[in-house]
Number of protein chains: 2
Amino acid sequence: MHPAGKPRRSQPTMADVAERAGVSTMTVSRALRKGGSIAAETQRRIIAAVDELGYVLDQTAGTLSSKRSGFIAALIPSINNSNFSDTARGVTEAVEGRDLQLLLGYTDYLVQKEERLVESMLRRRPEGIIVTGGRHTERTRRLLLDADIPVVETWDIPADPVGHVVGFSNADAAGKLVHDLHARGYRNIGFIGGSSNRDTRGADRRLGYTRAIAELGLPRSRVISFGKPPISMEQGGQAIVHLISQWPDVDAAVCVSDLSAFGAVMECHRRGWSVPGRIGIAGFGDFEVSRCCHPRITTVSIDGFGIGHAAAELLLRAIEGRRRQTPIAPEVMLVPFHVIQREST
Amino acid sequence: MHPAGKPRRSQPTMADVAERAGVSTMTVSRALRKGGSIAAETQRRIIAAVDELGYVLDQTAGTLSSKRSGFIAALIPSINNSNFSDTARGVTEAVEGRDLQLLLGYTDYLVQKEERLVESMLRRRPEGIIVTGGRHTERTRRLLLDADIPVVETWDIPADPVGHVVGFSNADAAGKLVHDLHARGYRNIGFIGGSSNRDTRGADRRLGYTRAIAELGLPRSRVISFGKPPISMEQGGQAIVHLISQWPDVDAAVCVSDLSAFGAVMECHRRGWSVPGRIGIAGFGDFEVSRCCHPRITTVSIDGFGIGHAAAELLLRAIEGRRRQTPIAPEVMLVPFHVIQREST
DNA sequence: CGCAAATCTGTTATCGATATCAAGGGATGC
DNA sequence: GCATCCCTTGATATCGATAACAGATTTGCG
């Protein structure tokens with residue numbers, strides 16, 4: 001692979017390339033980046049030297065001198081949730097083609113972990129950062145503000161945003177779902193969610209449920225809190241059993257996400273409880289599994305990909321604005337949600 | 001947030017901290033990293049200065065002078081597949097606590113995209129890299145070899161590994177599944193997969209299926225290739241309809257992954273075809289949906305988390321060995337797979 | 001033909017940290 | 001009491017690229 005007789009001591013540097021091509025490092029630098037003014041012949045020679053040496057640009061050094069790291073950070077709660085992986089894809093696709101790289105981090109729904117991640121991201125001087133939700137530790141807020149880079153919060157409408165926002169009200173969305181169920185005749189509606197507020201969006205959905213129940217004057221709210229959020233399919237199955245045994249008159253269940261809704265539907269199936277005959281079940285998030293299973297599950301559709309894409313576009317505009325010395329004003333972008341009526345209710 | 005009357009011009013540097021604490025930058029550097037010899041009182045003063053200034057270490061500069069980037073790269077095909085997200089979690093957890101950060105990339109099952117990703121990762125000089133599968137472009141191989149860092153290939157057993165390996169034979173695993181179905185009395189076994197070899201592991205599974213069919217002397221193989229890999233739940237549902245209409249005597253279907261198997265099972269349900277009465281359906285990967293749906297789906301269980309964890313451990317050992325000037329020899333670690341017999345066959 | 005503009009390339013300084021070596025000062029040992 | 005060692009701190013050089021400016025060459029155009 002390497003020229004014999006000349007043992008490589010370490011990675012070749014730009015100086016090695018420059019020497020081989022008979023030019024200065026500055027010329028090499030220009031040849032390797034678009035937009036540099038350089039003679040075609042010189043460029044050809046340099047590219048050849050790069051190939052022969054197997055040279056790979058050291059972006060670390062470049063970042064230091066140009067003060068542009070060339071990457072943006074995005075933090076999402078979980079890699080396993082298709083809503084957030086859609087968002088990550090949206091960000092990825094929006095960033096594609098630009099000379100920016102995406103660095104992803106997973107907070108595991110924990111604000112403390114978010115704080116550690118934010119700091120370790122900032123150490124690498126991202127040009128912008130996308131976070132999920134509006135609840136952060138005090139120190140996280142301070143870090144984000146002091147970092148002096150554009151910030152976008154997603155999947156939520158924070159009361160006191162750190163920077164820009166691309167999100168929706170989880171409470172309103174869940175409330176809308178409850179109202180729709182009510183309109184279809186359901187009266188004893190329960191809620192299935194996780195047993196802590198760790199998942200703040202889940203907590204907001206429960207809030208929206210409770211509020212809607214009150215608005216509609218329905219009997220006291222029937223809430224099953226089960227398992228560490230985000231709750232799984234399996235836990236959804238267990239929770240529906242609890243719900244029905246605790247309040248036998250329940251005629252519908254709103255689940256904190258499609259995963260638990262799916263688990264609930266399948267468990268009912270297994271026990272011979274008809275869905276929606278015995279009980280209607282609705283989810284949240286419009287995961288593929290809800291579209292595909294039998295019966296198909298009523299849910300709230302959120303365009304996770306769109307959120308990611310819009311957040312990234314907004315971030316890029318903000319970064320661009322800052323580069324041009326014309327910062328843009330903080331924006332709050334509301335994304336729509338839709339209740340999708342399917343076979344399970 | 002900032003001290004009034006003293007407008008910040010830019011991010012504070014270590015020199016600012018040093019000045020405020022009345023020490024040299026070298027002392028600040030030592031105070032901020034574990035293991036530096038430093039007086040407790042000095043450290044306290046420095047930490048105080050850091051807090052007051054809101055200083056965040058610039059790791060870019062640190063990387064340049066210490067020649068240690070402090071991160072490892074991992075490339076997986078897709079963020080949406082729970083097998084690979086499990087692997088990513090395994091890597092994350094193995095890396096946690098060490099002073100290493102994980103940078104994830106998604107190849108979208110495309111070797112060309114992998115090549116671009118590898119290069120852009122290498123630009124940032126990772127200390128090691130984990131890739132998925134054993135098929136790469138020539139240039140990717142060269143980049144990885146020239147990079148002179150530990151490499152681990154996962155989820156496969158490459159014929160000619162680039163570095164270390166943590167994987168299993170997808171062909172053998174699929175073959176085992178077919179043999180088990182045969183043992184249970186199935187004779188007309190079909191296969192449902194994607195319509196290209198873009199997903200190399202999927203292609204290997206099809207190969208294992210074809211080989212097993214030949215070994216068992218079963219009638220010619222019935223393969224439905226449907227949709228761009230990785231095929232979705234929805235596509236699995238469409239494929240099973242094709243399979244049955246094309247070969248009405250088929251009595252079992254092996255699906256390239258649990259997602260398509262699930263889609264197939266649900267579609268059968270919808271059409272009133274009993275599973276496994278009319279047809280047995282098996283998947284691959286042991287996704288949560290297969291454990292949870294009704295009927296539960298027979299599948300091949302692979303410990304994706306374990307693969308990630310083991311790959312990271314191996315990589316860390318290799319990195320450590322290299323630091324100590326005692327490189328470790330290339331290792332091939334086989335991970336077990338199990339056919340899990342469930343209700344769908 | 002001549003001068004200005006455009007194109008291409010090189011020199012020098014610099015980004016912000018850490019490696020390395022050296023030195024000051026107090027504790028310890030004999 | 002003096003040498004030795006350890007602990008702590010600092011000075012200087014350096015990592016590998018790019019910014020900014022300047023110089024050299026070519027091109028454009030009246």
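Below, chains carry the letters A, B, ... as their sequence lines are ordered, and counting in each starts from 1.
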Note to self: Taking salt bridge (Lys or Arg N to Asp or Glu O under 4.0 Å) as the definition, give me every residue that meets it alongside B/K113, ordered by chain and number, with sequence neighbours left out.
What the structure shows: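 If we apply the salt bridge (Lys or Arg N to Asp or Glu O under 4.0 Å) test to B/K113, skipping adjacent residues, the hits are A/E96, B/D108.
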Item checked: Contacting residues from residues 62-71 of chain B, given that a heavy atom lies under 4.0 angstrom of DNA chain C -> B/G62, B/L64, B/S65, B/S66
Whole-Å gap separating [atom2] ([N]) and [atom1] ([X]):
X	N	atom1	atom2	value
A/R124	C/dG16	CZ	P	17 Å
B/R45	D/dT9	CZ	C1'	11 Å
B/M14	D/dT14	CE	P	20 Å
A/D16	D/dG16	CG	C1'	11 Å
A/R123	C/dG16	CZ	C1'	14 Å
B/Q59	D/dC15	CD	P	20 Å
B/R125	D/dA17	CZ	C1'	11 Å
A/I46	C/dT9	CD1	P	7 Å

Next item on the list: Decide yes or no for B/V152 and B/V131: does some side-chain heavy atom of the first lie under 4.5 Å from some side-chain heavy atom of the second?
Entry: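 Side chain of B/V152 against side chain of B/V131, heavy atoms only: no contact under 4.5 Å found.
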Check: Is the shortest heavy-atom distance from the side chain of A/T25 to the side chain of A/S29 under 4.5 Å?
Finding: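 A/T25 does not reach A/S29 side chain to side chain.
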Qualifying salt bridge (Lys or Arg N to Asp or Glu O under 4.0 Å) pairs with a residue from [range], counting only residues at least two apart or across chains:
range	answer
residues 305-316 of chain A	A/R98-A/E313
residues 22-33 of chain B	none
residues 151-165 of chain B	B/R141-B/D160, B/D156-B/R201

Assign [X] to base, sugar-phosphate, or nothing according to its heavy-atom contacts below 4.0 angstrom with the strands shown.
X	answer
A/T13	sugar-phosphate
B/V23	sugar-phosphate
B/R30	base

Check: Do you see a donor-acceptor pair shorter than 3.5 Å between the side chains of A/T60 and A/D58?
Finding: yes
Protein and nucleotides 26-28 of chain D: nitrogen or oxygen contacts under 3.5 angstrom:
none

Margin query: Please confirm whether the shortest side-chain N or O distance from A/T42 to OP1 or OP2 of C/dT9 is below 4.0 Å.
Written below: yes
Item checked: N/O (side chain, B/T27) to phosphate O (OP1/OP2, D/dT9) under 4.0 Å ->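 No, outside the criterion.
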Notebook entry, point to check: Of the non-hydrogen atoms in A/V95 and A/A312, which two are nearest, and what is the gap between them?
Noted result: CG2-CB, 4.4 Å
Next item on the list: Only counting residues at least two apart or in another chain, list the ones meeting side chain to side chain contact (heavy atoms under 4.5 Å, CB included) with A/R45.
Entry: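 A/R45: side chain to side chain contact (heavy atoms under 4.5 Å, CB included) contacts with A/V23, A/E41, A/T42.
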Next item on the list: Output all residues satisfying side chain to side chain contact (heavy atoms under 4.5 Å, CB included) with A/E127, sequence neighbours left out; order by chain, then residue number.
Entry: A/R68, A/S69, A/L100, A/I319, A/R323
[X] has a side chain; which of [options] sits nearest to it?
X	options	result
B/S37	D/dA17, D/dT9, C/dG10	D/dT9
B/Y55	D/dG10, D/dA17, C/dA17	C/dA17
A/M26	C/dT9, D/dA19, D/dA17	D/dA19
A/A39	C/dC8, D/dG10, C/dA17	C/dC8
B/L57	C/dG10, D/dA11, C/dA17	C/dA17

According to ring-ring contact (aromatic ring centres under 6.0 Å, His included), who are the partners of [X], at least two apart in sequence or on a separate chain?
X	result
B/H136	none
B/F71	none
A/F84	A/W155

Item checked: Five-pair end axes of the helix from C/dC1-D/dG30 to C/dC30-D/dG1 and the angle they enclose, rounded to 10° ->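 Here the helix ends are tilted 20° relative to one another.
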